[in-house]
Amino acid sequence: MKSARSLRGLLVVFVLAGLLIGAAGAEAKPHKAKACLPGQPQGAPGIGDDYYPTYGNGGYDVQRYLLDVAYDPATDVLDGKATIRARATQSVCSFNLDFVGLEISKITVDGHKATWTRDDHELTVTPKEPLERGKRFEVFVRYSGVPVEFVLPGFDPPIRTGFMAVPDGVTVAGQPEVAASWYPVNDHPLDKAAYRFEVTVPRGYEVAANGVLRDVDERGGRSTWEWVAREPMASYLATIDIGFWDVNRWRTDDGLPVYDAVDSALTGDLRTAIDSSLARQGEVLDVLEGAFGPYPFSTVGAIVDNQDDLFFALETQTRPVYSKLFWLDSQGNVVNGDGVIVHELAHQWFGDDVALARWQDIWLNEGFATYAEWLWAEHEGQGTPAEIFRATYADIPATDPFWATVIGDPGIDLLFDNAVYVRGAMTLQALREEVGDDAFFEIVKQWASSKSGGNGTTPQFIALAEQVSGMQLDELFDTWLFTGERPVLEDPAPTGARAQSARSYSAGWLDQVQARLARGRY
Ligand code: TRP
Ligand code: ZN
């Protein structure tokens with residue numbers, strides 16, 4: 001197998017802070033911003049995330065975004081009207097939104113003209129009257145322009161993310177940065193909200209998004225697609241994808257409505273492989289429900305894009321976005337891509353329904369989603385998590401830099417390091433072996449149900465694991481999450497024919513994970 005070291009070589013400087021490319025947000029005219037009086041309280045420009053101090057904002061909580069946007073694929077211009085319903089959590093005379101690029105022409109708060117200033121990705125809004133703590137208010141922002149993109153640093157050639165114009169429309173996916181480039185937002189998973197999208201495109205183009213398609217309104221040369229995502233959603237999980245889609249609406253055996261949108265340019269063997277993975281979504285959800293508890297949302301599905309330079313998948317809520325590359329190996333041969341479906345659907349529980357409260361806890365997303373791949377491998381008869389764990393462990397020598405990543409606090413450069421994924425899954429298997437199967441699945445199910453619709457942190461997960469198991473687990477978690485070394489494993493790698501098959505499965509699996517992580521992210 002390829003060594004983890006060679007992978008690390010490709011990922012040395014993976015600075016997730018992101019480089020802004022494209023147009024900067026110059027305002028057409030200066031706005032007389034009414035300053036707050038000295039001593040008057042202002043909302044904070046950040047929500048308190050150590051890794052991303054300016055992400056999110058303080059002083060209010062958003063309930064709902066109504067995003068009425070028109071996109072012209074000929075010019076890439078986005079014209080937006082955002083209506084944000086929120087509640088003040090403290091009394092403020094001004095508050096911030098996160099917003100980059102795009103020119104603003106109007107802001108009102110509760111129908112009254114507001115003034116604003118902009119600095120980088122902070123938009124500071126001063127309403128006519130200060131907001132009292134507890135007050136519900138509605139912000140309206142009208143804006144226009146070509147959205148800026150983000151890139152994932154550390155990759156050469158660069159990998160684009162965010163609001164991406166593509167020849168046949170738009171793909172919207174990024175983590176953690178994407179939302180602020182196409183709508184004004186409290187851009188942190190701590191402030192989840194419901195969404196309604198009304199996306200207007202030239203007639204013939206189609207729009208796929210999160211949630212449920214409510215209506216398509218054709219008027220003149222344009223059509224407006226209304227999508228509603230009623231379950232609370234973190235801002236980076238919002239997506240609108242414009243293109244020419246083959247839509248497949250169906251239900252799983254359990255009756256869950258599915259909406260799959262596959263780029264109609266995807267044909268032949270590749271298309272057959274993609275369709276066959278998508279057809280297994282019901283079965284995947286069954287396996288995941290067995291381990292994690294009920295699927296948390298009212299709809300599911302996939303958006304599979306033909307875009308050549310889309311190098312990742314993302315767990316966009318209810319409807320993950322997938323690169324076609326998950327069904328192609330590096331030589332361009334068509335391969336089975338079921339694993340990425342398992343991964344993104346597992347994120348619906350861990351990442352989406354139970355979201356991060358701070359970005360440093362990213363292993364809670366990626367470790368669980370990777371562990372789900374091991375559960376799926378077992379379902380497919382390719383080896384048990386215990387076997388895959390040991391085989392993977394044995395494949396990565398103690399001296400490999402893989403083991404140096406402290407996955408409980410990786411820093412933004414290593415936020416999506418392969419160790420966050422693989423060692424994250426190993427941590428869960430180590431926990432399972434310590435507490436036993438019954439307690440383990442009880443912990444996982446309780447984590448999903450008790451935090452449903454909200455957020456969770458690593459210390460909270462550890463506390464729950466200790467409470468459910470009745471065991472003292474700080475040493476285990478210290479070793480697996482907070483030590484930059486290869487933990488000692490007491491049980492040797494299994495032997496025999498079955499272990500052999502698990503070993504070859506995991507070598508192949510690890511190779512694939514590393515190849516994907518070298519090319520992009522999932
Ligand atoms: N969380 C994504 C997944 O597991 C992968 C990912 C990491 C990503 N960083 C990203 C996707 C940046 C898009 C942009 O599916
Ligand atoms: Zn993931």
Side-chain angles (χ1 to χ4, degrees), residues 10-11 14-19 21 51-52 55 149-155 158-164 171-182 187 189 234-239 241 284 288 302-305 307 309-326 337-356 359-376 407 410-425 428 509 512-522:
L10 290 161
L11 297 179
F14 187 43
V15 186
L16 229 90
L19 264 164
I21 54 173
Y51 281 20
Y52 299 101
Y55 285 21
E149 289 185 8
F150 301 96
V151 298
L152 299 182
F155 290 92
I159 293 180
R160 33 185 327 219
T161 76
F163 192 102
M164 293 172 274
T171 306
V172 179
Q175 183 184 17
E177 33 216 354
V178 52
S181 67
W182 68 282
D187 201 4
S235 51
Y236 77 97
L237 299 171
T239 191
D241 297 84
V284 170
L288 299 181
I303 300 168
V304 188
D305 211 292
Q307 183 189 333
D309 63 353
L310 181 67
F311 289 103
F312 51 76
L314 185 65
E315 60 267 28
T316 39
Q317 190 159 303
T318 66
R319 198 145 294 115
V321 170
Y322 298 95
S323 160
K324 65 178 171 184
L325 296 175
F326 291 104
D338 296 352
V340 72
I341 303 278
V342 175
H343 184 101
E344 303 309 332
L345 290 182
H347 274 310
Q348 302 305 306
W349 281 262
F350 306 112
D352 296 6
D353 188 36
V354 183
L356 300 178
W359 283 105
Q360 82 163 75
D361 295 330
I362 187 69
W363 83 275
L364 286 172
N365 291 8
E366 301 308 342
F368 276 82
T370 305
Y371 195 74
E373 295 179 50
W374 293 3
L375 295 171
W376 180 254
I407 65 167
I412 57 175
D413 290 2
L414 296 178
L415 198 60
F416 294 102
D417 189 58
N418 63 331
V420 169
Y421 289 73
V422 178
R423 188 172 174 157
L428 292 172
W509 175 81
Q512 251 189 41
V513 168
Q514 294 185 342
R516 281 186 222 150
L517 291 173
R519 280 197 290 172
R521 281 292 172 268
Y522 80 123

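Whatever order the structure lists ligands and atoms in, that order sets their numbers, starting from 1.
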>> Any nitrogen or oxygen of Thr161, side chain or backbone, less than 3.5 Å from one on ligand 1?
In response: no
>> Quick test of your reading of the structure: of Ala346, Gly174, Ala313, Gly162, whose heavy atom lies closest to atom 11 (C) of ligand 1?
In response: Ala313
> Listed by chain and number, what are the side chain to side chain contact (heavy atoms under 4.5 Å, CB included) partners of Val172, not counting sequence neighbours?
Replying inline: Phe163, Val170, Val178, Trp182, Thr239, Ile240
>> Once side chain to side chain contact (heavy atoms under 4.5 Å, CB included) is applied, do any residues pair with Asp353, and if so which ones, sequence neighbours excluded?
In response: Pro296, Phe297, Ser452
> For Thr318, does its backbone N or O pair with a side-chain atom of Gln348 as donor and acceptor, under 3.5 Å?
Replying inline: yes
>> Any heavy-atom pair between the side chains of Phe326 and Ile341 that's under 4.5 Å?
In response: no
> What atoms in ligand 1 come closer than 4.0 Å to a heavy atom of Glu315?
Replying inline: 1 (N), 2 (C), 3 (C), 4 (O), 15 (O)
> Taking only heavy atoms of His343, which atoms of ligand 1 are found under 4.0 Å from at least one of them?
Replying inline: 4 (O)
>> Under a 4.0 angstrom heavy-atom cut-off, which atoms of ligand 1 come close to Phe312?
In response: 11 (C), 13 (C)
>> Looking only at N, O or S atoms in Glu366, which is nearest to the Zn ion (ligand 2)?
In response: OE1
> When you look for heavy atoms under 4.0 Å from ligand 1, do you find them on the side chain of Tyr421, its backbone, both, or neither?
Replying inline: side chain
> Is there a donor in the side chain of Glu366 and an acceptor in the side chain of His343, or the other way round, less than 3.5 Å apart?
Replying inline: yes
> Of Trp359, Tyr52, Tyr55, which is the lone residue that meets ring-ring contact (aromatic ring centres under 6.0 Å, His included) with Tyr236?
Replying inline: Trp359
> Under 4.0 Å from any heavy atom of His347, which atoms of ligand 1 are there?
Replying inline: 3 (C), 4 (O)
>> So if I count the atoms of ligand 1 from 1 in the order they appear, which ones are less than 4.0 Å from some heavy atom of Phe416?
In response: 7 (C), 9 (N)
> So, for Leu345 and Val284, which heavy atoms are closest and what is the spacing to 0.1 Å?
Replying inline: CD1-CG1, 3.9 Å
